[in-house]
Amino acid sequence: MKRVFLLMVAALVTVVSCEQASNDEKPNEQPNENPILTTTTGSEMSISFIGETCDVEYTLTGVSEGKKPEASATEAWVKNVTVGESITFEVEQNTTTSARSATLKVWYADKSFEVALNQEAGLVPTVEFVAGALNGESFDPYAGLYNYFVILSKNGTTGWGDVYVDDYYRFDIYSTEPYSDPLELPCGTYKCTYQDGEVNTFSYTYSVLLDVEQGSPIAEYHFTKGAMKVTEDRIEVIVQLNNQAQDVHRIVYEGSRKLDYIEIPKPDYYTTLTEDYTINTTGGAMYMSYYGDFYGKGFGSWVVSVVPEGAGDLLTFDISTESTEYVESAVWGEYNCIVKEDDLQKGSFLAGDVDDNNQFVGSWYFVTDGQYYGNLDRAPLVGGKITIDNVDNSYIITLDCEDDLGNKITGTYTCMSCTTKDATKPE
């Protein structure tokens, strides 16, 4: 390209002038220029195997306004090198299991710099999954980054904790891009990491595949390696699972990047019970969380849960105590059901319901498979009374309640341990 440019310049000078170009003049340099070309990005870049759109910052001084350097890459898998206020280029996905390198060369006249482009080895998919739905929401910013929670599945879901028969690929994403209205997942490349709150990543802790099959416990697999690439109307994810086979899943979704959930009409009832149910359980553990005067009515607010050892009956209550003190004994007593939050008073428990975000609130009976609850039998407690007591270091809940179809839920649940937590104080 330089040679053609020089020939064109020579031809132009021959036509318009009898003067000859000085042998000292350089391509794309004017007389009296003193170019200084530097980069602030660094001499190396690490690039995800899934491919990225990259950006190299540079400064060019000592030249006429509007002058820009030239740039090219040494490998064909680095495409669309464009020089503007910065130098952008696209790196294709590495479909091999070997790392690879290329060099970005940038020059103006006799000034130049190079950036080594190091792309990590790829993952070879063993499972292909076409997602038909994108769901999700945002959480409070964390570590100065915006926190997006993303779910890819075949059929979609009605809430972050709602699971049906499907495969749910869930990603806990951290980005510098602010939340939009309506909320959308920002374009970019996100890498798998073991650390929460790193820029342009999804973290190991809450990023997981939930495999839900009818009549079977939910299978849960975390991601040990991988990356996600989000463009305007497409998402591609390649992740390695922490199962015994270390399967590599490739998930592809095409469509809107809007994050929300499937809206469902409020049903006439939420219970799955078809008859009265009697609890007679010994074992498990009681957990009590104190929320102070949460409702601002001068009484204590506690959430009391009874959790079995493994699968079985699970209870949770939103209760209002006589005392606002954070002491275990404040919870012992009898509580009558109140349906509306505004009507809560001392010595009452809030009826079970589902809020506008499809989350369980209030007081409920569940059956758990040992890991999850809500997808098996469940019933909101919407009437009756409960008693919570401590007898000789046994923690006993006695129920005389009913669900939203009038089924009676009665009996006792006896636990041998109790753990309390002051939720008004940061951890």
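- Heavy atoms from other residues, nucleotides or ligands lying under 6.0 Å from OH of Tyr373 number 12 at most.
- Taking the six-membered ring for Trp, Tyr270 and Phe360 have ring centres at least 6.0 Å apart.
- Under a cut-off of 6.0 angstrom, the local environment of NZ in Lys225 is sparse, with at most 12 non-hydrogen atoms contributed by other residues, nucleotides or ligands.
- Side-chain atoms of Ser175 and Val199, non-hydrogen and from C-beta on, never get closer than 4.5 Å to each other.
- Between the side chains of Thr158 and Tyr164, at least one donor N or O sits under 3.5 Å from an acceptor N or O.
- A donor-acceptor pair is defined here as one N or O able to donate and one able to accept, closer than 3.5 Å; such a pair exists between the side chain of Thr74 and the backbone of Thr103.
- Distance check: Thr53 OG1 to Asp55 CG gives 10.0 Å after rounding to the nearest 0.5 Å.
- The number of heavy atoms from other shown groups lying within 6.0 Å of CD (Glu57) is above 12.
- Separating the NE2 atom in His249 from the OG1 atom in Thr126 is a distance of 5.5 Å, to the nearest 0.5 Å.
- In this structure, the side chains of Asn155 and Ile262 stay at 4.5 Å or more apart for every pair of heavy atoms.
- Using a 4.5 Å heavy-atom threshold, the side chains of Tyr335 and Thr321 count as touching.
- When every heavy atom of Ile338 is checked against every heavy atom of Ser348, the shortest pair comes out as CG1-CB, 3.4 Å.
- The pair Arg234-Glu236 meets the salt-bridge criterion, with a side-chain N (NZ, NE, NH1 or NH2) lying under 4.0 Å from an Asp/Glu carboxylate O.
- The environment of Asp356 atom CG is sparse: at most 12 non-hydrogen atoms of other residues, nucleotides or ligands sit within 6.0 angstrom.
- Judged purely by distance below 3.5 Å, without hydrogens or angles, the side chains of Thr189 and Ser48 never pair a donor atom with an acceptor atom.
- The distance from the OG atom of Ser138 to the CG atom of Leu185 is 11.5 Å, given to the nearest 0.5 Å.
- Ring geometry for Phe366 versus Trp364: interplanar angle under 30°, hence parallel rather than tilted (30 to 60°).
- By the 4.0 Å N-to-carboxylate-O rule, Arg100 lies too far from Glu120 to be salt-bridged with it.
- Val115 approaches Gly42 most closely through the heavy-atom pair CG2-O, 3.6 Å.
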CA sep, side-chain torsions, deciding dist, call: Arg250, Glu128, salt bridge (Lys or Arg N to Asp or Glu O under 4.0 Å): CA-CA 5 Å; Arg250 178 175 179 264; Glu128 297 281 347; 3.0 Å; yes
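- For the pair Tyr169 and Phe129, the minimum side-chain heavy-atom distance is below 4.5 Å.
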Intermediate values then yes/no, side-chain hydrogen bond (donor to acceptor under 3.5 Å, both in side chains), Ser101 and Asn118: CA-CA 5 Å; Ser101 298; Asn118 302 315; 3.0 Å; yes
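- Looking only at atom types and distance, the side chain of Thr316 has a donor-acceptor partner in the side chain of Ser305 under 3.5 Å away.
- Under the 4.5 Å side-chain criterion, counting only non-hydrogen atoms from C-beta, Leu376 is not in contact with Arg378.
- The shortest non-hydrogen separation linking Ser180 to Pro182 is OG-O, 2.8 Å.
- More than 12 heavy atoms of other residues, nucleotides or ligands lie within 6.0 Å of NZ in Lys297, so this atom counts as buried by the packing criterion.
- With 3.5 Å as the limit, one finds no donor-acceptor pair spanning the side chains of Thr420 and Glu328.
- In this structure, a donor-acceptor pair under 3.5 Å is absent between the side chains of Thr224 and Asn242.
- In this structure, Lys68 and Tyr58 have side chains that are in contact, with non-hydrogen atoms separated by less than 4.5 Å.
- Here the side chains of Leu104 and Val81 are in contact, with some heavy-atom distance below 4.5 Å.
- Residue Asp268 places its CG atom among 12 or fewer non-hydrogen atoms of other residues, nucleotides or ligands, all under 6.0 Å distant.
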Test ring pair (Phe, Tyr, Trp, His ring centres under 6.0 Å) applied to Tyr290 and Tyr326, step by step: CA-CA 7 Å; Tyr290 171 70; Tyr326 173 55; 5.3 Å; yes
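- Note on Lys258 versus Glu184: no salt bridge recorded, every NZ/NE/NH1/NH2 to OD/OE distance being 4.0 Å or above.
- Rounding to the nearest 0.5 Å places CZ of Phe294 at 12.0 Å from OG1 of Thr424.
- With hydrogens and angles left out, the side-chain atoms of Gln93 and Trp77 include no donor and acceptor closer than 3.5 Å.
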Chi angles and distances behind the salt bridge (Lys or Arg N to Asp or Glu O under 4.0 Å) call for Lys105, Glu70: CA-CA 8 Å; Lys105 298 183 177 182; Glu70 297 179 71; over 6 Å; no
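- With respect to Glu33 and Lys111, no salt bridge is recorded, no charged nitrogen being found less than 4.0 Å from a carboxylate O.
- The residues Lys79 and Glu92 are annotated as salt-bridged, a charged nitrogen and a carboxylate oxygen being separated by less than 4.0 angstrom.
- Expressed to the nearest 0.5 Å, how far OH of Tyr413 lies from CG of Leu399 amounts to 11.0 Å.
- Phe299 approaches Ser320 most closely through the heavy-atom pair CE1-OG, 3.1 Å.
- Note that CZ of Phe317 and SG of Cys401 are 6.5 Å apart. Values are rounded to the nearest 0.5 Å.
- If you run side-chain hydrogen bond (donor to acceptor under 3.5 Å, both in side chains) between Asn147 and each of Asp196, Asp140, Asp172, only Asp172 comes through.
- For Tyr194 and Tyr204, the distance between ring centers is under 6.0 angstrom.
- By the 4.0 Å N-to-carboxylate-O rule, Lys266 lies close enough to Asp353 to be salt-bridged with it.
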Step-by-step side-chain hydrogen bond (donor to acceptor under 3.5 Å, both in side chains) determination, Tyr261 to Asp162: CA-CA 10 Å; Tyr261 295 108; Asp162 300 339; over 6 Å; no
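- Tyr148 pairs with exactly one of Tyr179, Phe171, Tyr174, Phe139 by the ring pair (Phe, Tyr, Trp, His ring centres under 6.0 Å) rule, that one being Tyr179.
- A 4.5 Å side-chain heavy-atom check between Val248 and Ile238 finds at least one atom pair inside the cut-off.
- In this model, a donor atom of one side chain and an acceptor atom of the other lie less than 3.5 Å apart for Tyr295 and Asp318.
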